[in-house]
Amino acid sequence: MAGLYIGVVLLAVAAYYLKKLTVSGALAAVVVGWCIAFGLGFYGLMVLAIFFITSSMWSSLWRGRKASDVTEKGDRRDAWQVAANGGVAALMALFYGFNPSPIWIFAFVSSLAAANADTWASEIGTLSRQRPLHILTWKRVEPGTSGAITALGSAAAFAGSFLISVFAILGWWSAYHNSHVLLIALTVVGFLGNIIDTLVGASFQVLYKCRECGIETEATEHCGSQTEYMSGLKWLNNDVVNIACTASGALLGIGVAWLLL
């Protein structure tokens, strides 16, 4: 077990030097990783690694083609981003460590499937040749806008959830007699978590407008000056939306566990 804890620290340090995490992000990653190591051991960390490696890969590829003015933060994840994406999964792993019920594994997997679906949708969806549609108004909006969807991004979300679900089944439920049903259920749950993320972002996420160039953005500063508040709850930024995504994924995963086990 000590080797797992040391490995988590080394990976967090490597991610910092590779400019994937800030200092606070690396510290948060250590906490998340230690919680998962305690509750679910090596394979839990492997599923977490699949999420982190693939999401980092997509954020690095074709970086110049992706929208950056609309979003609040850059490619390096800080502590809030790490907690928003992995905090719920870490909590589910802790629950399993103290109360080893398979329900918590379902919640853990579903939470990360939702996080992976959301990240893949955001990173790959911005590469779409068509401007995205707002999920509520169905009007064309700028790439990267919260609540925006594309066919490419939706396909990527499903694929991201599927990948996490496959690895989870290989590790925990390969002998389960209805593993194919479980695979479909977990994949759909992760995808639904992404949809909930999109709906919450579209309905309640704070939005500002740049006084200089007029662009709508999540950032409080743009073009070297303070942006103007437009709509949404001021405390509800993208990190809070991501927590809604991963928490809803975990809750849906618990529902799947009750139905299938």
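These numbers were taken from a predicted model, which means no experiment stands behind them. Heavy-atom basis, side chains included; hydrogens, waters and symmetry copies ignored.
At a threshold of 4.5 Å between side-chain heavy atoms, the hydrophobic network of Ile, Leu, Val, Met, Phe, Trp and Tyr places V241 and V206 in two separate groups. A single hydrophobic cluster is not seen to contain both I6 and Y17; linkage of ILVMFWY side chains at heavy-atom distances under 4.5 Å, directly or through other members, places them apart. Cluster membership check: V88 shares its hydrophobic cluster with L91, using side-chain heavy-atom separations under 4.5 Å among Ile, Leu, Val, Met, Phe, Trp and Tyr. Note on I243 and L233: separate hydrophobic clusters, where clusters join Ile, Leu, Val, Met, Phe, Trp and Tyr whose side-chain heavy atoms are under 4.5 Å apart, directly or indirectly. Under a hydrophobic clustering in which Ile, Leu, Val, Met, Phe, Trp and Tyr are joined whenever their side-chain heavy atoms come within less than 4.5 Å, directly or via other members, L182 and I254 fall into the same cluster.
The CD1 atom of I124 lies 11.5 Å from the OG atom of S154; values are rounded to the nearest 0.5 Å. Note that CG of L40 and CE of M92 are 11.0 Å apart. Values are rounded to the nearest 0.5 Å. In this structure, the separation between CG on L152 and CD on Q130 is 10.5 Å, given to the nearest 0.5 Å. Note: R76 CZ to D78 CG = 11.0 Å, rounded to the nearest 0.5 Å. One distance of note links CG of D197 with OG of S122; it measures 6.5 Å at 0.5 Å rounding. Separating the CG atom in L192 from the OG1 atom in T198 is a distance of 11.0 Å, to the nearest 0.5 Å.
In terms of heavy atoms, N238 sits closest to E218 at CB-OE1, 3.9 Å. C35 and L94 get closest at one heavy-atom pair: SG-CD1, 3.8 Å. Smallest separation of non-hydrogen atoms from A12 and L21: O-CD1, 4.2 Å. The heavy-atom pair separating A37 from L4 by the smallest distance is CB-CB, 4.2 Å. Among all heavy-atom pairs drawn from K209 and M230, the shortest one is CB-SD, 3.4 Å. Nearest approach of H222 to C210, heavy atoms of both residues: ND1-SG, 3.4 Å.
For the pair S203 (side chain) and V200 (backbone), a donor-acceptor distance under 3.5 Å is absent. Counting only distance, with no hydrogens or angles, the side chain of D118 and the backbone of A121 share no donor-acceptor pair below 3.5 Å. Side-chain atoms of R140 do not come within 3.5 Å of backbone N or O of L133 as any donor-acceptor pair.
Here Y16 pairs with nothing under the ring pair (Phe, Tyr, Trp, His ring centres under 6.0 Å) rule; sequence neighbours left out. A search for ring pair (Phe, Tyr, Trp, His ring centres under 6.0 Å) contacts involving F38 returns F98, not counting sequence neighbours.
Counted within 6.0 Å of OH on Y43, heavy atoms from surrounding residues, nucleotides or ligands total more than 12; the atom is thus considered enclosed. In Y229, the OH atom is crowded: over 12 heavy atoms of neighbouring residues, nucleotides or ligands sit closer than 6.0 Å.
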Donor-acceptor contacts under 3.5 Å from residues 50-57 side chains, at least two apart:
from, atom 1, to, atom 2, distance (Å)
T54, OG1, I50, O, 2.7
T54, OG1, F51, O, 3.3
T54, OG1, N116, OD1, 3.4
T54, OG1, W120, NE1, 3.3
S55, OG, F51, O, 2.8
S55, OG, F52, O, 3.1
S55, OG, R77, NH2, 3.2
S56, OG, F52, O, 2.8

Listing, residues 164-174 side-chain donor-acceptor contacts under 3.5 Å, not counting sequence neighbours, or none:
from, atom 1, to, atom 2, distance (Å)
S165, OG, S161, O, 2.9
S165, OG, T187, N, 3.4

Using a 3.5 Å cut-off and no angle test, enumerate the donor-acceptor pairs between side-chain atoms of residues 27-34 and protein atoms at least two apart in sequence or in another chain.
from, atom 1, to, atom 2, distance (Å)
W34, NE1, Y5, O, 3.0

Can you give me every donor-acceptor pair (side chain of residues 101-115, partner residue at least two apart or in another chain, under 3.5 Å) with its distance?
from, atom 1, to, atom 2, distance (Å)
S101, OG, I103, N, 3.3
W104, NE1, N99, O, 3.4
S110, OG, F106, O, 2.9
S111, OG, T246, O, 3.4

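Residues L136 and L199 meet the side-chain proximity criterion, which asks for heavy atoms closer than 4.5 Å. Between P132 and V141 there is a side-chain heavy-atom pair separated by less than 4.5 Å.
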